[in-house]
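The structure under discussion appears below in the form of structure tokens.
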Amino acid sequence: MEYNCRLGVIGTRRDIFSKQDALKYNGLILEKLNEMGIDFVDIQDINEEGLLFDDRDVGSIVQKIKRENVDALFFPHCNFGTEDLVAKVARAMHKPVLIWGPKDEAPLENGARLRDSQCGLFATGKILRRFQVPFSYMNMCELDDPYFEWRLQNFMKASQVVKELDGLTILQISTRPAGFWTVMINEGELLEKFNVRIHPVSLPEVKQEMEIQKREREDEIENVIETIQETMEIDVAKEAVYETAALKCAMKALMERYGCKAAAIQCWNALQDNVGLFPCVANSLLNEEGLPVVCETDIHGAITSVMVQAANSLASLPFFADWTVPHPTNPNGELLQHCGPWPASLMKEKPRFGSPFAFNHSHPGSLHGEIVGGEMSIVRFDGDNGEYSLLMGHAKGIEGPRNQGTYVWIEVENLKKLEAKIVEGPYIHHCVGVHGDVLPVLHEAIKYIPGLKSDYYDTNDEAMDALLRGE
């Protein structure tokens, strides 16, 4: 999995302020974006200035930006700017929008002002609201201020989340486990509200694909077996390793065939009757490749994984977990655990390929090991009765008793508050964790996802807004 968010950069100016200064700043901004390695498209070829200031250029700019498959829009106000033209372009594109201007200098000795970028941003914000265009604002700063780079990168990652969610297709492997009413979803609502689609396949289709892989992709299966041998301690028969590799290849082939960025599998108990395996190790291998696969046919969990992975730009891989039991001595400690779908690269040491304790070791296929601790983000997308929210907060790894499956003990700020939020809903016992802080990215992304609201267990919207302002 690779992420690439392409930015449309549309500098703007207004005639009554310094044209020369606007041209200078537009050049400096484009130079800075090149230094940052941003994939961007500018409007240098639209007119002699490479700036938005003339209504006659709006159509050409929109055509170019659409043709170049831009994912987000950045409108630097190189002087005051032309607010109505910014709004026209932004509304025509339906993409995340960021507005910003370089900090104004002191007036000249004669009292004249060259740019008035701040005043122009006030105007543009008003007109974007009139046009009902959601937008982000980066507070004025110098180009060499570290805030500029951090804030722009946050916007880019947020735009990547929006891009990944829009049109997302999830491979649903079999039905939900019969007893798991918690993972019920409204497929129609997901399509109507978020343009998220589900592609269901049956277990016989998976088994058939496994046989195809065995006949036609033997080399690929052998490569997977080598990966298992290199990254895991094997405590099952060779046949189980081979079948697990074939299952992994089959799931990946089905995801590619149907254009799916994630999968949710009924990991028990029909799979054991049909295939004779638990899929945990196969899931782990796919998660390692940046192809999120979650357990117990939890479609909302798959959506969460896609959002978190995009927000973190693969800096660290996410892991799909159960909230399970409180820590025996730490009042704010909790065990995150599952039967083994977590990437082996997150482990403190080589994990063990065995059988799950929760099912009396009935079939092979689970993974056992503790992942590294550190600072983490914990996230859950979920909904009840047509209302959807994103539960988010921070955690840190702590020491705790040994466990089965893949696991980590964490500490949160206030476990009682978190418990109540999960029980009172709309959440369930599943979540997605990732090393690092993705909350600022997801906070900004929600601005562009109608029908989704934020829900924090250890901070709030005001604090997150302040963070984005650089306070």
Under 3.5 Å side-chain donor-acceptor pair for [X] and [Y]:
| X | Y | value |
| --- | --- | --- |
| E209 | Q213 | yes |
| Q337 | N403 | no |
| Q309 | Y3 | yes |
| Q266 | T175 | yes |
| S159 | Y448 | no |
| D465 | H443 | yes |

Going by an N to O cut-off under 4.0 Å, is there a salt bridge joining [X] and [Y]?
| X | Y | value |
| --- | --- | --- |
| E289 | K252 | yes |
| E411 | K396 | yes |
| D298 | R380 | yes |
| E149 | K32 | yes |
| E211 | K214 | yes |

Check your understanding: Can you tell which of F148, F135, Y147 makes a ring-ring contact (aromatic ring centres under 6.0 Å, His included) with W100?
Key -> F148
Would you check if [X] and [Y] make a side-chain contact, meaning some heavy-atom pair closer than 4.5 Å?
| X | Y | answer |
| --- | --- | --- |
| E413 | N332 | no |
| E68 | F40 | no |
| L168 | I303 | yes |
| Y407 | H368 | no |
| V306 | L165 | no |
| R217 | I212 | no |
| S389 | P426 | yes |
| L418 | L391 | yes |

**Study point:** N/O donor-acceptor pair under 3.5 Å between Q160 side chain and C5 backbone
**Key:** yes
Look at atom [atom1] of [X] and say whether more than 12 heavy atoms of other residues, nucleotides or ligands are closer to it than 6.0 Å.
| X | atom1 | answer |
| --- | --- | --- |
| E399 | CD | no |
| K207 | NZ | no |
| E387 | CD | no |
| E471 | CD | yes |
| R402 | CZ | no |
| E35 | CD | yes |

Point to revise | All salt bridge (Lys or Arg N to Asp or Glu O under 4.0 Å) counterparts of E205, not counting sequence neighbours | key: none
Distance in Å, [X] [atom1] paired with [Y] [atom2], rounded so as to fall on 0.5 Å steps:
| X | Y | atom1 | atom2 | value |
| --- | --- | --- | --- | --- |
| M392 | T304 | CE | OG1 | 11.0 Å |
| H300 | Y388 | NE2 | OH | 4.5 Å |
| L367 | E233 | CG | CD | 11.0 Å |
| Y456 | H394 | OH | NE2 | 9.0 Å |
| I173 | I265 | CD1 | CD1 | 4.0 Å |
| E334 | L415 | CD | CG | 5.5 Å |

Please set out all donor-acceptor pairs under 3.5 angstrom arising from side-chain atoms of residues 273-282, sequence neighbours excluded.
residue	atom	partner	partner atom	Å
N274	ND2	A270	O	2.9

Solution key, residues 190-200 side-chain donor-acceptor pairs under 3.5 Å, sequence neighbours excluded:
residue	atom	partner	partner atom	Å
K193	NZ	G386	O	3.3
N195	OD1	R197	NE	3.0
N195	OD1	R197	NH2	3.0
N195	ND2	D166	OD1	2.8
R197	NE	N195	O	3.4

Exercise for review: For L128 and A90, work out which heavy atoms get closest and say how close.
Suggested key: CD2-CB, 4.0 Å
